Peer 1: 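I have a structure here, written as structure tokens, and I will follow up with some questions on it.
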Amino acid sequence: MDAILGGERNPDELVKLRDPRIRAEAAVVRKSLVGHWRAEHLFTLRQSRDLYRTYQQRIVECDQELERYLKNLTPRVDPEQKPLPPDGKKHRRARRTKKMGDWQAASDLRTETYRLFGVDVMQIPGLEKGALHLFSEVGRDLSSWPTAHHFASWCGLCPDNDRSGGKVLWTGVRKIKSRVGQLFRLAAHSLHHSLTPMGNYLRRLRARLGPRAAITATAHKIAIIFYTLVQRQVEYDESIWALRDAERQGRYEANLRREAKQLGYQLVPLPETPAT
């Protein structure tokens, strides 16, 4: 863009300046760089570029102000005395930020949230970018909510079914507007293609309940985990999902055996085939 506004019109030279993330072939990009270069269009382009740089500078100033404010807050832990635990998302984050070019920013954010919360809440799937937003909304003292379920209910992530005479008249969640609940929903929405156990949980619920209910249920799960980590000062342990998966598999097998027995059949496991 700077080259165009500087007077460069040769498509062969302009195509060399394209962003490396562009997947289109050079020949396709070269064709798109052939134009009439009308004065009013160049004027609009210059205005847009200057506005973009102005907004980027304002964002940097806001980030610097937030950083100064956070430095004045009393830390819950000192990362120098109690170092960060191993990063379970390092490989996934490295692949993602290699294209974004903000590995240093992501690393600093993880350290800052660890300093404020006392635990590495960014290890929770979906909370890579919403941890500081949660700190601004609920802080780090969650004792106002006696249990994690009270916290999830306050976020508007719990069922609120209407019943009358033992009959369900309406099913859904509480009709409240909660910025914290929306943050957890956004975290859950980002897990549609995640290869983590939480992503598998979301996709399993989506197949059974539909997208909307699955996102709410996953957001409820993330809220429960967030409360537990911050309130009890324990780190996120992804290995617990393996135990829960084994328990779910056991229940599924028990249900199959019960149904087969009711129909007069007996389940027999297949013999293991020897490895070749």
Side-chain angles (χ1 to χ4, degrees), residues 59 62-79 82 84-85 87-90 92-93 96-97 100 102 104-158 173-174 176-192 194 196-199 201-202 214-238 240-241:
I59 292 174
C62 289
D63 290 340
Q64 292 173 349
E65 183 64 23
L66 286 173
E67 184 178 358
R68 285 192 292 268
Y69 177 78
L70 292 174
K71 293 297 183 184
N72 294 329
L73 295 176
T74 303
R76 195 161 190 173
V77 296
D78 187 355
K82 186 180 178 182
L84 269 168
D87 188 2
K89 297 182 179 179
K90 184 176 181 180
R92 296 194 295 268
R93 187 180 291 118
R96 182 174 63 253
T97 55
M100 298 173 59
D102 60 351
Q104 187 62 38
S107 179
D108 293 343
L109 180 60
R110 179 170 175 252
T111 303
E112 191 63 32
T113 55
Y114 175 72
R115 189 179 70 89
L116 295 173
F117 284 110
V119 292
D120 190 7
V121 296
M122 288 184 64
Q123 295 301 305
I124 303 175
L127 285 187
E128 291 85 352
K129 296 183 178 180
L132 279 183
H133 293 81
L134 286 173
F135 181 80
S136 66
E137 293 290 342
V138 300
R140 57 191 174 197
D141 183 10
L142 305 182
S143 58
S144 299
W145 299 277
T147 65
H149 296 289
H150 286 83
F151 177 70
S153 178
W154 177 81
C155 294
L157 301 174
C158 289
V173 295
R174 297 180 60 191
I176 64 174
K177 294 183 179 180
S178 171
R179 290 191 296 268
V180 179
Q182 187 62 20
L183 287 173
F184 285 124
R185 283 189 174 91
L186 289 174
H189 189 271
S190 67
L191 299 174
H192 276 293
S194 174
T196 61
M198 188 78 77
Y201 176 80
L202 171 65
I215 289 177
T216 301
T218 306
H220 178 273
K221 177 76 70 175
I222 297 175
I224 295 292
I225 295 175
F226 172 80
Y227 178 93
T228 304
L229 264 60
V230 176
Q231 191 67 3
R232 298 184 182 179
Q233 289 294 285
V234 294
E235 294 295 339
Y236 178 71
D237 185 7
E238 199 172 65
I240 296 177
W241 287 93

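None of the values given here were measured: they were computed from a predicted structure. Each residue takes its place number in the sequence, starting with 1.
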Peer 1: Rounded to the nearest 0.5 Å, what separation is found between the OG1 atom of T218 and the CG atom of L157?
Peer 2: 10.5 Å
Peer 1: Restricting to non-hydrogen atoms, name the atom on L202 and the atom on A188 that form the minimum distance, rounded to 0.1 Å.
Peer 2: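 Scanning both residues, the minimum pair turns out to be CD2-O, 3.3 Å.
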Peer 1: So how far is it from L127 CG to L186 CG, rounded to the nearest 0.5 Å?
Peer 2: 10.5 Å
Peer 1: Measuring from Q123:CD to L84:CG, what's the distance to the nearest 0.5 Å?
Peer 2: 8.5 Å
Peer 1: Please determine if R110 and E128 form a salt bridge, counting it only when a charged side-chain N lies under 4.0 Å from a carboxylate O.
Peer 2: no
Peer 1: With heavy-atom distances below 4.5 Å as the criterion, would you say the side chains of C158 and H220 are in contact?
Peer 2: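 Side-chain contact under 4.5 Å: yes.
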Peer 1: How would you list, by chain and number, every residue that makes a salt bridge (Lys or Arg N to Asp or Glu O under 4.0 Å) with R68, sequence neighbours excluded?
Peer 2: E65
Peer 1: Using side-chain heavy atoms (C-beta onward) and a distance below 4.5 Å, is K82 in contact with Y114?
Peer 2: yes
Peer 1: Distance check, rounded to the nearest 0.5 Å: S143 atom OG versus Q231 atom CD?
Peer 2: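 Between S143 OG and Q231 CD, I get 6.0 Å after rounding to 0.5 Å.
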Peer 1: Check whether R76 reaches the backbone of R140 with its side chain - one donor and one acceptor, N or O, closer than 3.5 Å.
Peer 2: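 Flag set: sc R76 to bb R140 pair under 3.5 Å.
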Peer 1: Can you give me the closest heavy-atom contact between W241 and P197, atom names plus distance?
Peer 2: CG-CB, 3.4 Å
Peer 1: So which heavy atom on E112 is nearest to which on L70, and how close?
Peer 2: OE2-CB, 3.6 Å
Peer 1: Using every non-hydrogen atom in the two residues, find where A187 and G126 come nearest and quote the distance to one decimal.
Peer 2: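 Heavy-atom minimum between the residues: CB-O, 3.3 Å.
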Peer 1: Compare every heavy atom of A148 with every heavy atom of I224, then report the nearest pair and how far apart it is.
Peer 2: CD1-O, 3.4 Å
Peer 1: Can you find a heavy atom in the side chain of V77 that is under 4.5 Å from one in the side chain of V119?
Peer 2: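 They are not in contact (no side-chain heavy atoms under 4.5 Å apart), so the answer is no.
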Peer 1: Look up atom CD1 in I124 and atom OG1 in T228, then write down how far apart they are to the nearest 0.5 Å.
Peer 2: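 Going from the CD1 atom of I124 to the OG1 atom of T228 covers 9.0 Å.
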Peer 1: To check you understand the geometry: which heavy-atom pair defines the closest contact between P125 and I222, and what is its length?
Peer 2: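 For P125 versus I222, the nearest heavy atoms are O-CD1, 3.8 Å.
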Peer 1: Using distance only, find each side-chain donor-acceptor pair of residues 176-185 under 3.5 Å and give its atom names and separation, not counting sequence neighbours.
Peer 2:
residue, atom, partner, partner atom, Å
S178, OG, V180, N, 3.4
S178, OG, G181, N, 3.1
R179, NE, E137, OE1, 3.4
R179, NE, E137, OE2, 2.9
R179, NH2, E137, OE1, 3.4
R185, NH2, G156, O, 3.3

Peer 1: Is a side-chain donor or acceptor of S136 paired with a backbone partner of H133 at a separation under 3.5 angstrom?
Peer 2: yes
Peer 1: Could you work out, with side chain to side chain donor-acceptor pair (under 3.5 Å) as the rule, every residue matching S153, not counting sequence neighbours?
Peer 2: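 With neighbours one apart ignored, the set is R174.
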Peer 1: Find the distance between CD1 (I59) and CD (Q64) and round it off to the nearest 0.5 Å.
Peer 2: 12.5 Å
Peer 1: Just say parallel, tilted or perpendicular for the rings of W154 and W145, cut-offs at 30° and 60°.
Peer 2: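 Ring orientation of W154 relative to W145: tilted.
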Peer 1: With a 4.5 Å limit on heavy-atom distance, are the side chains of H192 and I215 in contact?
Peer 2: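 Result yes, sub-4.5 Å side-chain heavy-atom pair found.
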Peer 1: When you compare the side chain of M122 with that of T113, does any pair of heavy atoms fall below 4.5 Å?
Peer 2: yes
Peer 1: Between Y236 and F226, is the gap from one ring center to the other below 6.0 Å?
Peer 2: no
Peer 1: Tell me if a side-chain donor or acceptor on E235 pairs with a main-chain N or O of D120 at a distance below 3.5 Å.
Peer 2: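 Indeed, once roles are kept as given, a pair shorter than 3.5 Å links the two residues.
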